[in-house]
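Predicted model, so just to flag it, every value in this text is computed and none were measured.
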There are 2 protein chains.
Amino acid sequence: MSDTPFPRLSPGVLADDGDALTFCSTCAFSQACLSQGMDKSSLQDLHMLVEHVGPLHAGEHVFRVGDPFEAIAAVRAGTVKTYVIDRDGREHVLGFHFPGEVIGLDAIDGDTYPCNAVALDTVMLCRFSFPKISVLATRLPGLQQHLFRLLSRSIGRAALLAGDFSADERMAAFLVGMSERLAARGFSPNRFALTMPRTDIANYLRLAPETVSRVLKRFQDDGLLQVDRRELELVDRARLETLAAPVLRH
Amino acid sequence: MSDTPFPRLSPGVLADDGDALTFCSTCAFSQACLSQGMDKSSLQDLHMLVEHVGPLHAGEHVFRVGDPFEAIAAVRAGTVKTYVIDRDGREHVLGFHFPGEVIGLDAIDGDTYPCNAVALDTVMLCRFSFPKISVLATRLPGLQQHLFRLLSRSIGRAALLAGDFSADERMAAFLVGMSERLAARGFSPNRFALTMPRTDIANYLRLAPETVSRVLKRFQDDGLLQVDRRELELVDRARLETLAAPVLRH
DNA sequence: CGGGGCCTTGAACATCATCAACCGTCGTGG
DNA sequence: CCACGACGGTTGATGATGTTCAAGGCCCCG
């Protein structure tokens, strides 16, 4: 494994094209809207209601269960973990959210957030008032469509890990999925850092932390990957994808 | 257990109030829109693009993986099962959909359906062209809001069963959840029929069919419920809810 | 150095899956 | 009308996968 640094902040792949977009060049949300067929003056409207938040530091919460719902947020940099505490006091990790991904969508139905969102490292956000973006969406069909798709995609994603899969399949799917999501944002697909502790990965995959340890070790012994503490390199991507295939359904 | 018949079709609790609504009195979708603040002329527009489908008989598909996505659908009567077949040929049940619930939401992001939907008994549907309803939603903020909430709710629901729970917790949550959803549509909350075979319940809960059998039997022996083939009566709802609490998070 | 997370490793255990057989019900056809 | 067969469901015995418990190691930071 080389000694190149592991990326933690957005590399700015969404850099502006030299015009007014400079004021939010790393905000993937508006970028996506553009590609949905929104013109630039519409994007101006969108940016009128954006609020840049951060930096938040590891352990600081973006929102908590029961906070009044007022906005969704796009992650610009860092990793956000969403989770709930059930009535027996057990934590359940719902997901990890990387740059370009949106949190708070599950709060739209209801007037408070149904889960907690916490920064796992240094996090930057774009906050979008939901009432305002809804109103805007009635004027901008492209924005409405983008929101619909965003919500729809989350349903699909939530259903993925819900299936009945082995520890190996889950782990492989987690790694390949993470790789794909990071790659879509311009990060290296085969070398990245696990920004979350093993306990969170385990909890998310519904495994014991010890199992995560053992599976990772076995994957390494089998030449599928190299892992050193939180640094990871996918070595045999093809075999990992084969393992992950039943889960990811590509 | 008495010999009253188990309801299978919508009892018409959403019956019209004597006016133009009669033409779709059992369509919960439009009813919900009304309560979202839509006026009746708007509802007329909505009904212009509704297509009533059915009856479909047990085993007939509403749509299949890869079918071009063109519409979402509200279940008016019967039970619809959604599922996928993974690359190893294993089936994964994603959910059961009762009257008043909407299917196809996970297809919005993409131009084909990502899952199969099949009738478990005699099913009636209201079909809504999604392109058309999207356009309408830009004119009717209440409709847009309803769609957002519908999508958001599905995200939350998908996350529920995804957690790390015991067979007992899963089973209790399934039964209580089903009871609540039926009750919300005017069905008896404590006496209802399991419209799906044990294998489907097991698959949905990520258990073996044998485990479902055993848990149900133990629940019956413990006085939690009475079960006779597909007919079910919740006897000790309080204890079932306690068991289900970690999953349902009420 | 020393302490505290976080992670790993090993051994015993539990839960649930698997395998195999059987049963009850229903539908069909003799 | 009854025999048969198929399907769905139940039950028991066995076993695998992953959890739990306990201990130790590594790294970072004081």
Engineer: Using nucleotides 5-8 of chain C, report all nitrogen or oxygen pairs with the protein that are shorter than 3.5 Å.
Structural biologist:
unit_1, atom_1, unit_2, atom_2, d
C:dC7, OP1, A:Arg198, N, 3.4
C:dC7, OP1, A:Arg230, NE, 3.1
C:dC7, OP1, A:Arg230, NH2, 3.4
C:dC7, OP2, A:Arg198, N, 2.9
C:dT8, OP1, A:Arg198, NH2, 3.3
C:dT8, OP2, A:Arg198, NE, 3.0
C:dT8, OP2, A:Ser213, OG, 2.3
C:dT8, O5', A:Ser213, OG, 2.9

Engineer: Any side-chain heavy atom of B:Pro246 sitting closer than 4.5 Å to one from A:Arg90?
Structural biologist: yes
Engineer: How many Å lie between CG on B:Leu207 and P on D:dT10, as a whole number?
Structural biologist: 14 Å
Engineer: Between the side chain of B:Arg64 and the main-chain N/O of B:Ala117, is any donor-acceptor distance below 3.5 Å?
Structural biologist: no
Engineer: Rounded to the Å, how far apart are B:Arg218 CZ and D:dT10 P?
Structural biologist: 14 Å
Engineer: In whole angstrom, what separates B:Asp228's CG from C:dG24's P?
Structural biologist: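 Those two atoms, CG and P, are 13 Å apart.
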Engineer: Looking at the rings of A:His61 and A:Tyr113, which for Trp means the six-membered one, are their centres under 6.0 Å apart?
Structural biologist: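 Centroid distance A:His61-A:Tyr113: not below 6.0 Å, so no.
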Engineer: For B:Ala208, report the nucleic acid contact type (base, sugar-phosphate, nothing); a contact means any heavy atom under 4.0 Å.
Structural biologist: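 B:Ala208: base contact, heavy atoms under 4.0 Å.
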Engineer: Would you mind reading off the distance between A:Phe165 atom CZ and C:dA17 atom C1', rounded to a whole angstrom?
Structural biologist: 16 Å
Engineer: Is the phosphate of C:dC16 approached by B:Thr211 (side-chain N or O, under 4.0 Å from OP1 or OP2)?
Structural biologist: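 No, outside the criterion.
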Engineer: Tell me the interatomic distance from A:Arg206, atom CZ, to D:dT19, atom P, rounded to whole angstroms.
Structural biologist: 11 Å
Engineer: What's the separation between atom CG in B:Leu248 and atom CG in B:Leu161, rounded to the nearest 0.5 Å?
Structural biologist: 8.5 Å
Engineer: What class does the angle between the rings of A:Phe96 and A:Tyr204 fall in, given that below 30° is parallel, 30 to 60° is tilted and above 60° is perpendicular?
Structural biologist: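 Ring orientation of A:Phe96 relative to A:Tyr204: perpendicular.
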Engineer: Specify the separation, in whole Å, of atom CG of B:Asp168 and atom P of C:dT15.
Structural biologist: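 Atom-to-atom, B:Asp168 to C:dT15, this comes out as 10 Å.
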Engineer: Under 3.5 Å, is there a donor-acceptor pair between the side chain of A:Glu180 and the main chain of A:Gly177?
Structural biologist: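 Not at all, since once roles are kept as given, no pair shorter than 3.5 Å links the two residues.
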Engineer: Round to the nearest Å and state the distance from A:Arg90 atom CZ to D:dT20 atom C1'.
Structural biologist: 15 Å
Engineer: What is the distance, to the nearest angstrom, from the CG atom on B:Leu205 to the P atom on C:dA17?
Structural biologist: 10 Å
